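Presented below is the structure to which this report refers.
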Amino acid sequence: MNKNASIIILYTSNILAGFFIIGLIPLFFEIGVECTYPVNEGICSGFMIVLANVCLLLFYIIFMFSHVDLRWVNWVACGSVGVCIPGMLVYRERYTRLDVDTVLIDS
């Protein structure tokens, strides 16, 4: 494979991955808010943001050490997706906000 083809594949895969990952963030927030319905939406969203930022901080701190071999980073990224997919497959959604709204409208 020539150099131009590998660069095109690199850019295409990064653009598509970024598009799909960034596009799923609002869906994850909506699932989190639905899952914790009686809790205020701001508390749930704030907790999710803080948790994500703490994980990213710990991940980025590792790059401050110059003697660390960085070949494991791709495997961690793939592994995190591999760990999350089964969790999303077994999750059964509950629409408690919709149920409460439907009861309020019917009565």
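Heavy-atom basis, side chains included; hydrogens, waters and symmetry copies ignored. Not measured: the values here are computed from a predicted model.
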- Task: Check the pair C35 / Y91 against side chain to side chain contact (heavy atoms under 4.5 Å, CB included), numbers first and verdict last.
- Result: CA-CA 10 Å; C35 184; Y91 175 75; 3.6 Å; yes

Show the atom names and distances, to 0.1 Å, of all donor-acceptor pairs under 3.5 Å that link a side chain in residues 55-64 to residues at least two apart or in another chain.
none

- Interatomic distance, CZ@F28 vs CD1@I21, rounded to 0.5 Å, equals 9.5 Å

- Item | Test side chain to side chain contact (heavy atoms under 4.5 Å, CB included) applied to I85 - qualifying residues, sequence neighbours left out | V81, L89

- What is the distance from atom SG of C84 to atom CG of L24, rounded to the nearest 0.5 Å? 11.0 Å

- Message: Could you go through I25 and I22, starting from their C-alpha distance and side-chain angles, then the distance that decides it, and tell me whether this counts as side chain to side chain contact (heavy atoms under 4.5 Å, CB included)?
- Response: CA-CA 6 Å; I25 290 174; I22 299 300; 4.0 Å; yes

- Spatial distance of atom CD (E34) from atom CD (E41) [nearest 0.5 Å]: 8.5 Å

- Smallest heavy-atom separation, V33 atom then C44 atom, equals N-SG, 3.8 Å

- Query: Sub-3.5 Å donor-acceptor pair from the side chain of T12 to the main-chain atoms of I9, do we have one?
  - Reply: no

- Item | Atom pair CG/CE of L27 and M88 - distance to nearest 0.5 Å | 8.0 Å

- Message: Quick check on Y11: does its OH atom have over 12 non-hydrogen neighbours (other residues, nucleotides or ligands) under 6.0 Å away?
- Response: no

- Item | Audit row: F47, T36, side chain to side chain contact (heavy atoms under 4.5 Å, CB included) steps and yes/no | CA-CA 11 Å; F47 179 75; T36 62; over 6 Å; no

